[in-house]
Trainee: 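Input: one structure, supplied below.
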2 protein chains.
Amino acid sequence: MTVFRQIATRLPEESLIYLGDTARVPYGSKSRNTVIRYAQACARLLLAQDIKLLVVACNTASAFALEALQDSLEVPVIGVVEPGARAALARSRNRRIGVIGTVGAINSGAYTEALQRIEPEVVVHAQACPLFVPLAEEGWTHGEVPRKVADAYLQGLLAEGIDTLVLGCTHYPLLKDTIQETLGPKVTLVDSAEETAVTVAQCVTEMRLSAAPGVMPLHRFLVSDAPESFQRVSRHFLQMPLLAVEWVDF
Amino acid sequence: MTVFRQIATRLPEESLIYLGDTARVPYGSKSRNTVIRYAQACARLLLAQDIKLLVVACNTASAFALEALQDSLEVPVIGVVEPGARAALARSRNRRIGVIGTVGAINSGAYTEALQRIEPEVVVHAQACPLFVPLAEEGWTHGEVPRKVADAYLQGLLAEGIDTLVLGCTHYPLLKDTIQETLGPKVTLVDSAEETAVTVAQCVTEMRLSAAPGVMPLHRFLVSDAPESFQRVSRHFLQMPLLAVEWVDF
């Protein structure tokens with residue numbers, strides 16, 4: 001949803017279809033093969049809605065499934081890893097970059113690869129933070145418990161002298177305050193949502209995919225489980241009244 | 001697996017088929033409808049293996065799907081809620097019982113219902129502990145973080161004067177030490193695994209379903225994701241060498 005919000009802000013004339021695979025989340029602890037299968041099922045459902053571009057707005061799915069999706073789909077497919085890596089390189093001064101994410105995203109090595117493909121000499125320290133997603137989902141983002149957890153995960157990165165940290169999971173911006181407090185003011189946090197929206201906007205322009213002028217944009221929200229609780233959370237999170245959340249089975 | 005171990009110990013001549021839906025766990029945060037659909041898919045797969053009895057060794061699935069499974073299947077179906085409730089009533093002296101579980105299991109009201117069906121006057125205090133499953137899965141079972149989390153969840157139950165606490169999720173026995181430490185020695189913890197195995201043994205005897213004598217039992221382990229990591233964890237947990245873990249897609 002952090003990515004959805006950024007794209008909707010940057011491309012206000014485009015109609016967006018959001019698909020949340022709420023029945024099968026979290027993806028972060030699943031194997032590569034299972035994430036690829038689920039990502040392909042999500043993509044099939046969205047393609048049937050006649051989309052012109054697909055954004056994989058999940059770091060784990062981007063890390064494991066982006067290539068498979070790009071190879072098999074006829075529309076452009078944009079992930080969040082590459083934009084996050086570029087944003088981090090633009091901000092780091094000492095070329096020591098930390099990356100945090102799910103077990104899947106970190107073990108895939110996707111961020112380290114993306115960072116070093118752009119700049120081979122950059123030093124990358126990656127750390128899986130599996131408890132951050134459940135903490136964020138429970139709304140346990142401030143106070144003693146998340147601070148202790150952040151401490152346990154992040155002290156090692158601090159000791160490595162990083163000056164930039166990529167929040168390599170779309171849930172982590174919710175824990176931004178606690179993470180920043182743990183790392184101190186000298187470390188810059190990078191959220192890939194904004195940079196991903198920039199990439200999407202560029203792609204839409206370059207490939208001449210922009211919506212026809214004067215057409216009223218319409219956003220749709222699809223989820224595979226519990227549309228009511230999604231609606232409750234998203235209304236608060238997106239700060240926009242949602243027309244409807246549809247349940248889809250796939 | 002706590003339930004598997006108890007059944008295998010109590011019925012050493014029976015062949016067991018274990019199915020772990022590792023691709024779609026955790027069930028604890030999913031809606032009733034989705035849990036029922038997934039439980040029915042699991043049951044179909046096991047029925048195709050010609051089982052004579054089905055144990056729903058998950059509190060959330062037992063809470064949401066037991067009735068639907070019992071109505072639709074031709075073999076006996078045993079859940080973990082009823083045995084857990086009976087075990088708690090057998091141990092409580094002051095008739096004030098606490099129950100902890102996932103959001104799904106607690107919101108379903110299944111434990112309160114089962115306890116008060118057997119003994120209408122019993123006082124039940126239920127508390128969802130959504131962070132306990134990820135803590136247990138991460139092996140974060142001892143030390144400051146789980147202690148703080150347990151404190152936040154359990155102080156309210158302690159204030160209600162409970163003398164017995166049902167561990168209403170098959171992951172929670174891994175956090176037993178921390179939970180006991182938080183509640184103090186006067187509160188008895190009840191794990192439904194043992195009592196479930198007793199129920200299974202009774203059912204097998206009463207319905208004359210026992211294995212033919214002299215047949216060598218064979219256990220099978222099926223999972224829907226990541227058989228290797230399941231094998232690693234289960235070897236440690238069951239303290240038995242596993243022959244093989246098979247991946248199944250359903």
Side-chain angles (χ1 to χ4, degrees), chain A residues 20-39 41 60 64 102-104 107 128-153 171 223-233 245 247-250, chain B residues 20-39 41 60 64 102-104 107 128-153 171 223-233 245 247-250:
Chain A
D21 190 8
T22 48
R24 290 183 285 204
V25 289
Y27 279 19
S29 50
K30 303 191 198 303
S31 72
R32 170 185 292 272
N33 285 346
T34 293
V35 171
I36 291 177
R37 280 197 308 142
Y38 288 174
T60 309
F64 280 143
T102 64
V103 172
N107 285 354
C129 303
L131 233 56
F132 277 177
V133 167
L135 280 171
E137 296 234 318
E138 289 315 310
W140 218 337
T141 55
H142 293 80
E144 212 183 347
V145 168
R147 220 156 43 225
K148 294 276 174 208
V149 175
D151 236 36
Y153 286 142
H171 275 74
V223 295
S224 54
D225 193 23
E228 330 69 43
S229 72
F230 178 85
Q231 193 162 35
R232 209 170 42 244
V233 174
V245 179
W247 179 73
V248 286
D249 180 20
F250 64 103
Chain B
D21 189 8
T22 48
R24 291 184 284 202
V25 288
Y27 279 18
S29 50
K30 302 191 198 305
S31 72
R32 169 187 292 270
N33 284 346
T34 294
V35 171
I36 292 177
R37 281 197 308 140
Y38 289 174
T60 309
F64 281 144
T102 64
V103 172
N107 285 353
C129 302
L131 234 58
F132 277 177
V133 167
L135 281 171
E137 296 235 316
E138 289 316 310
W140 218 338
T141 54
H142 293 80
E144 211 182 349
V145 168
R147 220 158 41 226
K148 295 276 175 209
V149 175
D151 236 35
Y153 286 142
H171 276 74
V223 294
S224 54
D225 192 24
E228 329 70 43
S229 72
F230 178 85
Q231 192 161 36
R232 209 171 42 244
V233 174
V245 179
W247 179 73
V248 285
D249 180 20
F250 66 102

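Numbered from 1 within each chain, the chains take letters A, B, ... in sequence-line order.
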Trainee: Rounded at 0.5 Å granularity, tell me how far OG in A:Ser31 sits from CZ in B:Phe230.
Mentor: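 Answer rounded to 0.5 Å: 14.5 Å.
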
Trainee: For the residue pair B:Ser224 and A:Arg37, what are the closest heavy atoms and their distance?
Mentor: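 The answer is O-NH2, 4.3 Å.
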
Trainee: Distance from A:Arg32 atom CZ to B:Asp225 atom CG, nearest 0.5 Å?
Mentor: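 Reported value, rounded in 0.5 Å steps: 12.5 Å.
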
Trainee: Are A:Trp247 and B:Asn33 close enough that some pair of their side-chain heavy atoms sits under 4.5 Å apart?
Mentor: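 They are not in contact (no side-chain heavy atoms under 4.5 Å apart), so the answer is no.
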
Trainee: Can you name the closest pair of heavy atoms from A:Ala23 and B:Lys30 and give their distance?
Mentor: O-NZ, 2.6 Å

Trainee: Using non-hydrogen atoms and a 4.5 Å limit, figure out which bit of A:Tyr38 sits close to chain B: side chain, backbone, both or neither.
Mentor: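 It is the side chain, since no backbone atom gets that close.
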
Trainee: Please state whether the side chain, the backbone, both or neither of A:Ser229 comes within less than 4.5 Å of a heavy atom of chain B.
Mentor: neither

Trainee: Out of A:Val25, A:Asp249, A:Val35, return the one with the most heavy atom pairs under 4.5 angstrom to chain B.
Mentor: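 Most heavy-atom pairs under 4.5 Å with chain B: A:Asp249.
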
Trainee: Closer than 3.5 angstrom, by distance alone: can the side chain of A:Lys148 be matched with the main-chain N or O of B:Val145 as a donor-acceptor pair?
Mentor: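 No, because the side chain of A:Lys148 does not come within donor-acceptor range (under 3.5 Å) of the backbone of B:Val145.
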
Trainee: Against chain B, work out which of A:Ser29, A:Ala152, A:Pro130 has the most heavy-atom pairs shorter than 4.5 Å and name it.
Mentor: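 Heavy-atom pairs under 4.5 Å are most numerous for A:Pro130.
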
Trainee: Need one label for A:Val133: side chain, backbone, both or neither, based on atoms under 4.5 Å from any heavy atom in chain B.
Mentor: neither

Trainee: So what's closer than 4.5 Å to chain B heavy atoms on A:Asp151: side chain, backbone, both or neither?
Mentor: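 For A:Asp151, there is no contact with chain B at all, as no heavy atom is under 4.5 Å.
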
